[in-house]
Amino acid sequence: MTTAHAAHEAGGPAPFLFRLRAASVGYGAEPVLRAVEWEVHEGETWFLLGRNGSGKTTLLRALLGLLPIAAGTLERDPTRASRARIGFVPQRCEISPSLPTTVREFVLLGLVGLPSVRSERAERLGAALARTGLAGLAEHSYWSLSGGQRQRALVARALVRDPALLIFDEPTEGLDPPSETAFLDVVDGLRREGATVLFVTHRLAIAAGRASHLALLAEGRLLSGPIDAMLRRPELTEVFGVHAAKLS
């Protein structure tokens, strides 16, 4: 048992997955985000909020290792927050509709780069489909699914990696209300199972009832903390134009 796990078992803080210290992130000489201090621990449910253009995608790219930190540090738990242990759910599917693809084939794309788990493919596939409400659809065409089912297939593709951290990048955009509710129910189920979740959105209302923690991007800064404390921050009201505490 690691020192971090021993502390957690004894009632101490859960192990951290990643932490940013005095980090600046951007694409050129002028960083998009400056002096970011942020730490995410195992079992937490974070909603990352911000207007369009606030730097949400930039920060995600840094966390996924696609964009180097310009200054400061990004520290990862090497066993839980390596790229192999991160499940990423994008806003929409990236493959071409002209490519015939079954749900099984689509979900198993999540194992690309993980050759050591080939013997577990069937077990992982079945578990991922069951957890997302898609059991029985493995041989259906991915393109025959509804919009909401396709988004859940994206979650299954992430889950098949057995991730320690699930990152959702505005996955409910474009969904009709019933599909959005069904999708968020899947996320809630994963959260109740103890998954560590980072959910990116610009909609405060869907975060208020589901997050354990909030992170807000505004004017190049990141403000973060437990949900109750963050809902009282005046910056949330300034960004979203509503009194955030009323949504809790």
Side-chain angles (χ1 to χ4, degrees), residues 2 4 15-20 23 25 27 40-46 48 56-69 73-135 137-143 145 149-171 183 186-187 190-191 193-200:
T2 66
F16 80 91
L17 296 185
F18 67 82
R19 53 189 172 204
L20 290 154
V25 186
Y27 302 94
V40 170
H41 292 258
E42 195 172 69
E44 294 174 342
T45 301
W46 281 88
L48 175 61
K56 298 190 299 295
T57 298
T58 300
L59 184 54
L60 276 193
R61 286 176 59 80
L63 295 179
L64 292 169
L66 302 175
L67 184 65
I69 299 295
T73 61
L74 167 58
E75 184 181 358
R76 304 172 184 273
D77 181 301
T79 61
R80 298 177 193 81
S82 65
R83 183 64 190 91
R85 298 300 312 280
I86 295 176
F88 180 61
V89 181
Q91 192 173 107
R92 60 185 62 86
C93 174
E94 320 88 346
I95 66 173
S96 170
S98 64
L99 182 67
T101 307
T102 65
V103 174
R104 176 180 58 81
E105 292 167 336
F106 181 79
V107 172
L108 288 175
L109 287 173
L111 294 181
V112 170
L114 300 178
S116 62
V117 301
R118 285 179 179 170
S119 62
E120 305 170 14
R121 283 162 60 97
E123 181 181 353
R124 287 187 178 220
L125 173 67
L129 292 176
R131 293 173 75 187
T132 53
L134 298 176
L137 297 180
E139 301 308 322
H140 288 228
S141 167
Y142 174 81
W143 302 108
L145 302 181
Q149 287 173 325
R150 289 182 192 176
Q151 289 303 93
R152 283 185 274 145
L154 284 168
V155 180
R157 188 181 68 175
L159 288 173
V160 80
R161 298 180 71 85
D162 187 26
L165 172 65
L166 276 167
I167 298 178
F168 296 85
D169 186 11
E170 304 201 60
F183 184 89
V186 169
V187 177
L190 297 173
R191 176 174 58 84
E193 291 173 12
T196 307
V197 171
L198 172 54
F199 194 108
V200 181

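This chain uses plain numbering: 1 for the first residue, then up along the sequence.
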- Gap between atom CG of L108 and atom CG of L114 - 0.5 Å precision: 11.5 Å

- Query: Given side chains that start at C-beta, do those of T132 and L190 come closer than 4.5 Å, heavy atoms only?
  - Reply: no

- Message: Strictly distance-based, threshold 3.5 Å: is any side-chain N or O of E44 a donor or acceptor partner for the main-chain N or O of H41?
- Response: yes

- Mind checking the CG-CG spacing from L198 to L59? Nearest 0.5 Å is all I need. 8.0 Å

- Query: Is a side-chain donor or acceptor of R124 paired with a backbone partner of V160 at a separation under 3.5 angstrom?
  - Reply: yes

- Check whether any side-chain N or O of R131 sits under 3.5 Å from a backbone N or O of A156 as a donor-acceptor pair, and report yes or no. no

- Message: Could you check whether any side-chain N or O of R76 sits under 3.5 Å from a backbone N or O of L63, counting only pairs where one atom can act as donor and the other as acceptor?
- Response: yes

- Item | Neighbour count >12 (heavy atoms, 6.0 Å) for atom CD, E123 | no

- Note on the structure: When rounded to the nearest 0.5 Å, the distance separating CH2 of W46 from CG of L17 is 11.5 Å

- Message: Working note: L166 + L159, criterion side-chain contact (heavy atoms from CB on, under 4.5 Å); need CA distance, chi angles, decisive distance, verdict.
- Response: CA-CA 8 Å; L166 276 167; L159 288 173; 3.7 Å; yes

- Query: Side chain of R83, backbone of I86: donor and acceptor closer than 3.5 Å?
  - Reply: yes

- Message: Please give me the minimum heavy-atom distance between A158 and V89, naming the atom from each residue.
- Response: CB-CG2, 3.8 Å

- Side-chain heavy atoms of E139 within contact of R104, under 4.5 Å: yes

- Query: Are W143 and I95 side-chain neighbours, meaning at least one heavy-atom pair lies under 4.5 Å?
  - Reply: yes

- Hey, does R157 have a side-chain heavy atom less than 4.5 Å from the side chain of P90? yes

- Task: Say whether, by atom type as modelled, one donor and one acceptor occur between the side chain of Q151 and the main chain of Q91 under 3.5 angstrom.
- Result: yes

- Message: How close do L129 and A138 get, counting heavy atoms only, and between which atoms?
- Response: CD1-CB, 3.8 Å

- Under 4.5 Å between any side-chain heavy atoms of T79 and R85, yes or no? no

- At their closest point, which heavy atom of A130 faces which heavy atom of A135, and how far apart are they? CA-CB, 4.2 Å

- Query: Relative to each other, are the rings of F106 and Y142 parallel, tilted or perpendicular (30° and 60° limits)?
  - Reply: parallel

- Message: Do L137 and L145 have side chains that approach each other closer than 4.5 Å (heavy atoms only, starting at C-beta)?
- Response: yes

- Note on the structure: Rounding to 0.5 Å, atoms CG (L74) and CG (L20) come to a distance of 5.0 Å

- Query: Should V25 and I69 count as side-chain neighbours, where that means a heavy-atom distance under 4.5 Å?
  - Reply: yes

- Is there a side-chain contact between Y27 and R61, using heavy atoms and a 4.5 Å cut-off? yes

- One should read off an interatomic distance between L48 CG and I167 CD1, to the nearest 0.5 angstrom, of 9.5 Å

- Output for pair (D169 CG, F199 CZ), nearest 0.5 Å, gives 9.5 Å

